Every structure is written in structure tokens, then in C-alpha cells.
Protein chains: 2
Amino acid sequence: MPSTARTVRAQAPAVKVLPEPEGLPEPLPEPAVGDLRLENVLAALSDPLRLLIVRKLLLESEQFDHTCGWFGLDRPKSSLTHHFKALREAGVTRQRQYGLERRSQVRVTDLNARFPGLLDLVAAWTPPDGT
Amino acid sequence: MPSTARTVRAQAPAVKVLPEPEGLPEPLPEPAVGDLRLENVLAALSDPLRLLIVRKLLLESEQFDHTCGWFGLDRPKSSLTHHFKALREAGVTRQRQYGLERRSQVRVTDLNARFPGLLDLVAAWTPPDGT
DNA sequence: TCCGCTGTACGACTTCGATCGTACAGGATG
DNA sequence: CATCCTGTACGATCGAAGTCGTACAGCGGA
């Protein structure tokens with residue numbers, strides 16, 4: 001499946017560095033920057049699994065978006081969909097529909113603008129044990 | 001009720017400034033600094049009422065501890081006790097038993113050491129409406 | 001001493017969210 | 001076209017947490 005990621009990457013040209021090269025699918029419904037609420041963001045980040053997801057996105061590739069399979073989490077797929085939706089609805093991540101798959105990226109700019117320092121805490125976080 | 005708050009202040013001499021003048025009651029059971037977990041702290045802070053409590057403590061008097069009546073929240077007393085306990089068990093606040101009342105203060109030093117910047121976000125937070 | 005006031009303890013109710021099983025969509029491969 | 005595989009949609013279940021009513025503890029004032 002990492003090979004798949006590479007394949008799809010080819011489909012979305014490597015030109016993309018975040019300046020939104022116009023060819024991207026529309027993001028799924030998400031709160032606007034001004035509508036981000038600290039309590040919602042904190043609630044979304046209060047789950048260890050979601051904390052792990054966001055941290056991995058931040059540390060290993062904040063520049064690109066990824067499918068939920070990329071994370072290598074051993075949970076049922078339906079559980080993962082649930083958590084990714086929770087993150088998006090809280091405004092932590094942005095999701096785009098690439099064909100039949102849905103990729104996520106952290107809304108770094110928006111979050112740093114509204115809650116400076118918060119993502120640093122997430123990046124510094126360490127999982128409870130060998131999750 | 002605000003008058004009551006003034007009364008209680010008089011009861012606890014203004015000498016106390018935080019350097020722990022030895023005469024303080026032992027804090028109620030709380031997690032040690034090293035045991036503070038980001039996910040627990042975020043969960044505790046994901047509730048608007050608790051966010052309001054912590055913010056009020058930070059902005060209006062981080063030097064003193066306060067009884068739950070001091071906050072002027074129009075909720076049943078049992079609800080307030082519940083939230084104060086949640087904050088303490090997550091490690092956000094420290095509670096001491098003064099006779100029959102239980103006063104709270106934010107663990108500013110501990111939180112800044114473990115999660116720098118987090119309390120700034122709480123202090124900058126604004127309630128949803130006229131709570 | 002009796003009454004009132006403030007705050008905690010306990011327990012019940014209810015809502016929300018985490019978890020997962022199953023069914024379905026749709027490209028990839030042969 | 002049939003099959004496989006990845007990922008989403010939907011719905012059920014279960015446990016945790018928010019909410020609150022009531023009872024109780026104990027100081028202060030008349």
C-alpha cells in the first residue's frame with residue numbers, strides 16, 4: 001500500500017507544495033478558520049488515537065495529504081473513518097476526495113493562526129505505550 | 001454571594017502569595033507532574049464550563065485559590081463539584097481542603113513545564129456567548 | 001442553641017462518543 | 001467480465017461523562 005501511495009502521488013503532480021495548485025478536489029465540509037473553537041479542537045485531540053494521527057501527519061509529512069491506510073493503524077476501517085471525520089469536523093484536518101479515497105492533512109496554517117503553540121504540543125506528545 | 005466571597009477572603013489572610021507558607025492543608029490526590037498526560041489535560045479542557053473556570057482563575061487571580069462559589073456560575077452545586085474534580089484529576093488544578101471548603105488553583109508551574117503555551121491558549125479563549 | 005447558608009457526597013438519569021460488523025462503491029488485475 | 005482489495009456508509013452496542021436532585025457536613029449570626 002505504500003506503493004499505492006506513490007502511484008497516487010504521481011496522479012497528483014509533485015508540484016504541489018501547499019500553495020494549492022488549482023487542480024485539487026474541493027475539501028470536504030469543514031469549519032472556517034474563524035469558526036474554529038478551542039473546545040472542539042481540544043476534544044478532538046483528547047483521544048490518543050487521533051493524537052497519534054495528527055502527530056504522525058505533523059512529523060512525517062505535513063506537506064502532503066494521506067489516506068487513512070497510510071498510517072498503519074491496526075483498527076477496523078470503520079473506526080478509522082470515524083476518527084478522521086471527527087478530526088475534520090473539529091477543524092484539525094482537511095480532507096479531499098481523490099477518486100474514491102479520502103486524504104487528510106493537518107490545517108497547520110489555520111491552527112497556528114488561531115491557536116499558536118498547540119500543534120507543537122501535539123508534535124511533542126508521546127503515546128502511552130507501544131501503540 | 002459576591003459578598004460571601006469577600007468574607008471568605010478575609011478569613012484566609014492576605015499574607016498568602018503562593019510560596020506555600022507551610023500552613024496550608026495538604027492538596028487532595030492529584031497526578032504528579034511527570035504523570036500529566038496531554039490527552040487527559042485536553043479532555044478536561046474540552047468542556048466550555050471548565051475552560052471558563054480555568055480561564056477565570058488564570059486571568060483574575062492565579063495567585064490565590066478559590067472556592068467554587070467564587071466563580072459565580074449558575075449551575076447546581078453538584079455539577080460544579082463534578083467539574084472541579086475532573087480538573088483536579090486531570091492535573092489542571094490543585095485543590096486544598098480549608099475546613100469544610102475546597103479551594104482550587106491552576107497548577108501553572110507544572111503545566112507550563114510539561115505543556116508550554118497551553119495555558120496561554122486557555123487565557124486567550126472566549127466563551128461561545130454570554131455564559 | 002437554633003436557623004440559614006455554602007459547599008460536598010452520593011446516586012440516578014441521559015446524552016454523546018468510541019468501537020465495530022456488515023454492506024457497498026469502485027479502481028486494479030488477470 | 002469476474003475477482004480482489006482498499007476505503008467509506010450505515011447502524012447497533014456499550015461505556016463514559018455531563019447534568020442534576022437530594023441529603024449531609026459544618027461555620028456564622030441572631
Side-chain angles (χ1 to χ4, degrees), chain A residues 1-12 25 28-29 39-53 65-90 92-93 95-104 128 131, chain B residues 1-12 25 28-29 39-53 65-90 92-93 95-104 128 131:
Chain A
M1 165 55 81
S3 60
T4 305
R6 224 179 294 124
T7 307
V8 183
R9 173 67 52 73
Q11 171 183 340
L28 275 69
E39 56 268 37
N40 297 337
V41 173
L42 294 188
L45 293 177
S46 66
D47 185 276
L49 187 61
R50 293 197 287 258
L51 218 37
L52 190 71
I53 290 172
D65 44 0
H66 293 275
T67 68
C68 59
W70 173 79
F71 295 87
L73 303 166
D74 58 343
R75 300 288 185 92
K77 315 167 185 181
S78 46
S79 298
L80 298 182
T81 302
H82 168 72
H83 288 293
F84 277 99
K85 182 181 177 186
L87 284 171
R88 174 176 55 86
E89 292 183 338
V92 177
T93 58
Q95 288 185 296
R96 295 177 193 274
Q97 193 85 25
Y98 288 82
L100 69 129
E101 64 193 11
R102 194 169 284 189
R103 303 204 190 174
S104 300
T131 307
Chain B
M1 158 66 83
S3 61
T4 304
R6 225 178 295 125
T7 306
V8 181
R9 172 66 53 75
Q11 172 183 341
L28 275 69
E39 56 268 37
N40 297 337
V41 173
L42 295 187
L45 294 176
S46 67
D47 185 274
L49 186 62
R50 293 198 286 256
L51 219 36
L52 190 71
I53 290 172
D65 44 359
H66 294 275
T67 68
C68 59
W70 173 79
F71 295 86
L73 303 166
D74 58 343
R75 301 288 184 92
K77 317 168 185 179
S78 45
S79 300
L80 299 182
T81 303
H82 168 73
H83 287 293
F84 278 99
K85 181 181 176 186
L87 285 171
R88 174 175 55 86
E89 292 183 338
V92 178
T93 59
Q95 288 187 296
R96 295 177 194 272
Q97 193 85 26
Y98 288 82
L100 71 129
E101 65 196 9
R102 193 169 283 188
R103 304 202 187 174
S104 301
T131 308

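Small disclaimer: the values here were computed from a predicted structure and weren't measured. Convention: sequence-line order gives letters A, B, ...; per-chain numbering from 1.
- Note: CD (A:Gln97) to C1' (C:dG26) measures 11 Å, nearest angstrom.
- The distance between atom CD of A:Gln95 and atom P of D:dT8, rounded to the nearest whole Å, is 7 Å.
- B:Leu49 has its CG atom 14 Å from the C1' atom of D:dA17, to the nearest Å.
- For A:Arg50, no side-chain nitrogen or oxygen approaches OP1 or OP2 of C:dG17 to under 4.0 Å.
- Both B:Ala86 and B:Lys77 lie close to DNA chain D; mapped to their nearest nucleotides by heavy-atom distance, the more 5′-ward contact belongs to B:Ala86.
- Phosphate proximity of D:dG21 to B:Ser78: absent, as no side-chain N or O sits under 4.0 Å from OP1 or OP2.
- Residues B:Cys68 and B:Glu101 form no side-chain contact, since every pair of their non-hydrogen atoms from C-beta on lies 4.5 Å or further apart.
- The nearest whole Å value for the distance from the CD atom in B:Glu39 to the P atom in D:dA16 is 16 Å.
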**OP:** Might you work through the side-chain contact (heavy atoms from CB on, under 4.5 Å) test for A:Leu73 and A:Leu52, ending with a clear yes or no?
**Re:** CA-CA 10 Å; A:Leu73 303 166; A:Leu52 190 71; 3.7 Å; yes
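- Taking CZ of A:Arg96 as the reference point, atom CZ of A:Arg88 lies at 12.5 Å (rounded to 0.5 Å).
- For C:dA18, the OP1/OP2 oxygens have no side-chain nitrogen or oxygen of A:Arg75 closer than 4.0 Å.
- Contact annotation: B:His83 side-chain N/O to D:dT19 OP1/OP2 distance is under 4.0 Å.
- In this entry the distance linking CG of B:Leu80 with P of D:dT22 reads 17 Å, nearest Å.
- Distance, A:Glu89 CD to C:dC16 P: 14 Å, rounded to whole Å.
- As rounded to whole Å, 10 Å separates atom C1' of D:dA17 from atom CG of B:Asp47.
- When the side-chain nitrogen and oxygen atoms of A:Thr81 are compared with OP1 and OP2 of D:dT8, one or more of them lie within a distance under 4.0 Å.
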Subject >> Evaluation steps, side-chain contact (heavy atoms from CB on, under 4.5 Å), between A:Phe84 and A:Arg102 >> reply: CA-CA 10 Å; A:Phe84 277 99; A:Arg102 194 169 284 189; over 6 Å; no
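- The distance between atom NE2 of B:His82 and atom C1' of D:dA16, rounded to the nearest whole Å, is 10 Å.
- We find the NE2-OG1 distance between B:His83 and B:Thr93 to be 12.5 Å, quoted to the nearest 0.5 Å.
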